[in-house]
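Naming: A, B, ... by sequence-line order, numbering from 1 per chain. Everything quoted here is computed from the prediction, not taken from an experiment.
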Protein chains: 2
Amino acid sequence: MSTPPKGASPRTPLNRERVARAGVRLADESGIDAVSMRNLAQDLGVVPMALYKHVSNKDELLDEMINAILLEIEPLPADFEWKSALRHRILSARQALLRHPWAPHVIESRQSASPVVLDYMDSLVGIFIKAGFSLDLTHHAMHALGSRMWGFIQEVFPTPASPNDPAEQAAMFAHFAARYPNIIEMATAADHPDETRTTQGCDDQFEFEFALDLLLDGFERLHQSAWSSKTHSRTSSTKLESAVRGKRN
Amino acid sequence: MSTPPKGASPRTPLNRERVARAGVRLADESGIDAVSMRNLAQDLGVVPMALYKHVSNKDELLDEMINAILLEIEPLPADFEWKSALRHRILSARQALLRHPWAPHVIESRQSASPVVLDYMDSLVGIFIKAGFSLDLTHHAMHALGSRMWGFIQEVFPTPASPNDPAEQAAMFAHFAARYPNIIEMATAADHPDETRTTQGCDDQFEFEFALDLLLDGFERLHQSAWSSKTHSRTSSTKLESAVRGKRN
DNA sequence: ACCTGAACACCGTTCAAGT
DNA sequence: ACCTGAACACCGTTCAAGT
């Protein structure tokens, strides 16, 4: 008897969710580039065209894969102080996404929001509104969170290509120090200075929480200055002032 | 006589920069998906393989396309108050990227930083350092900016798919109002309530500047509370406090 | 009526054969 | 020595032919 293929056994019929979960597994194991309709079909022991009965095209497959991941996010905590509720929920989303390193990029490539996505966003909006935030400030805050609401920030250009040869590495470092003095100064002062790489050795989780707290504190400040109606605030930022006053132009 | 192909005339020889600029033009005109080695070669009137003498693979082509765009960013303004310098520089980057809607996605897909990228980042780091920011705070601030330092935020799931049929649209709106009450409440309170679409009718430029100012104000506050050495701050955020004190764990 | 192999119109990249 | 057509190993998706 021939061994069944790697995926689900051939007896259990496919469905949308099973296809999506197989896609997630394949992406986790072999990277998102390995997720092709043909590859996934082979993984599931079916002919490529068979997948088109469950998802109408590849985009829909990717949508479903993201849905499957977002369902892992923990529900709203019982504790309902707005700041810690937001914090908890967003950090939980982060935990879910960290299990799937390919997910942020796929999420940002999606065109339209699925119900699962809207549920999550609705829950965040609800936290602001229940805390008494104005609808305008809620709206601005959601935009300011941006993709951070999903628990990730896309690190842009994290590591410059680094050669293996130590001599070359030293030469590159010297060249770096000459051309990018500020970056080098900043990087060599980091907590782990044993590392020569430019942006290595920094704690992603810390940086994420730092930026999240900065935003949440900012929201709180604007919210308070709004209901204390002291619009003669000492901040010089016109956008923030006008947002608090609820006046856009 | 046969008309020369769309791109550069066949007399002027190709080089790295010309290939990159042709890639940018092609992406602007026909979208990033139209930028294939084969398509681009045809546009330039050469055989596909000819491109491989100027870029060693497609990733390098995309790197060069991004470089070409980043060179459009205005240099540091003479006015060197840190906040307005950062603001000016980042909003200038935004202007450059807005001309090329495909660019944000390509930027976020790059693996390593090119010299042009590092130049820009070094200039931002330099602004913080010259203003007397601690190296740690500078580091956190750069991370908090994230991809916003390039003048964009990747809007995640902007528009839920909307049907054309008005009757269907009304039905969808009703379903929305029932399932996503908070989103609907927030959206219908927006400045342009004539729009039924959920996240339509909001001013991207305003939202970008709002979030940027929120971050810059946050940086300023942390910077001031650091050199005034009042560490018994009234903020409850542990990450922010420990960052100010320069202590990470 | 259902299923699917083969085909279509593409990719990025390699390489050997031709000049 | 240089250049490049053809080939390789893939894509997503369509569709007609077979059962």
*What stems involve DNA chain C, if each pair must be Watson-Crick or G-U and both of its distances must be under 3.5 Å, with 3 or more such pairs in a row?*
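The stems that DNA chain C takes part in, listed by first number, are C:4-8 with D:12-16, C:12-16 with D:4-8.
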Rounded to whole Å, how long is the line connecting atom [atom1] of [X] with atom [atom2] of [N]?
X: B:Leu61; N: C:dG12; atom1: CG; atom2: P; result: 9 Å
X: B:His54; N: C:dG12; atom1: NE2; atom2: P; result: 18 Å
X: A:Ile32; N: D:dG12; atom1: CD1; atom2: C1'; result: 15 Å

*Pairwise salt bridge (charged side-chain N to carboxylate O under 4.0 Å, His left out) hits with a residue in residues 138-148 of chain B, at least two apart*: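 Pairs touching residues 138-148 of chain B that pass the test: none.
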What's touching nucleotides 7-11 of chain D from the protein side, N or O pairs under 3.5 Å?
unit_1	atom_1	unit_2	atom_2	d
D:dC11	OP1	A:Ser36	OG	3.1
D:dC11	N4	A:Arg38	NH2	3.4

Under 3.5 Å, which N/O atoms of the protein pair with N/O atoms of nucleotides 14-19 of chain C?
none

Quick one: salt bridge (charged side-chain N to carboxylate O under 4.0 Å, His left out) partners of [X], sequence neighbours excluded?
X: A:Asp204; value: none
X: B:Asp119; value: A:Arg179
X: A:Asp59; value: A:Arg110

*Looking at B:Phe210 and A:Ala141, what are the two nearest heavy atoms and their distance?*
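Minimum heavy-atom contact is CE2-N, 4.4 Å.
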*For A:Leu145 and A:Leu215, work out which heavy atoms get closest and say how close.*
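The pair with the smallest heavy-atom distance is CD2-CD1, 4.3 Å.
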*ring pair (Phe, Tyr, Trp, His ring centres under 6.0 Å) partners for A:His88, two or more places apart*: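 For A:His88 there are no ring pair (Phe, Tyr, Trp, His ring centres under 6.0 Å) partners, ignoring immediate neighbours.
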*asked:* The criterion is ring pair (Phe, Tyr, Trp, His ring centres under 6.0 Å); which residues satisfy it with A:His105, sequence neighbours excluded?
replied: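 Listed in chain order: B:His105.
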Can you give the donor-acceptor pairs under 3.5 Å from side chains of residues 45-56 of chain A to other protein atoms, not counting sequence neighbours?
unit_1	atom_1	unit_2	atom_2	d
A:His54	NE2	A:Leu14	O	3.3
A:Ser56	OG	A:Glu60	OE1	2.6

_Could you tell me how far D:dT14 sits from C:dG12 if I compare only their C1' atoms? Round to whole Å._
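23 Å, rounded to whole Å.
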*asked:* Taking D:dT13 as the reference, what is the distance to C:dT13 when you measure between their C1' atoms (whole Å, please)?
replied: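 Here C:dT13 and D:dT13 have their C1' atoms 23 Å from each other.
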*Of the nucleotides C:dC3, D:dC3, D:dT13, which one has an atom closest to the side chain of A:Lys53?*
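The answer is C:dC3, which lies nearest to the side chain.
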*By side-chain contact (heavy atoms from CB on, under 4.5 Å), which residues pair with A:Leu76, not counting sequence neighbours?*
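Scan of A:Leu76 (side-chain contact (heavy atoms from CB on, under 4.5 Å), adjacent residues dropped) gives A:Phe80, A:Arg89, A:Ile127.
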*Residue pairs, two or more places apart or on separate chains, that pass ring pair (Phe, Tyr, Trp, His ring centres under 6.0 Å) and touch residues 109-129 of chain A*: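 Sorted pair list: A:Tyr120-A:Trp150, A:Phe128-A:Phe133, A:Phe128-A:Phe219.
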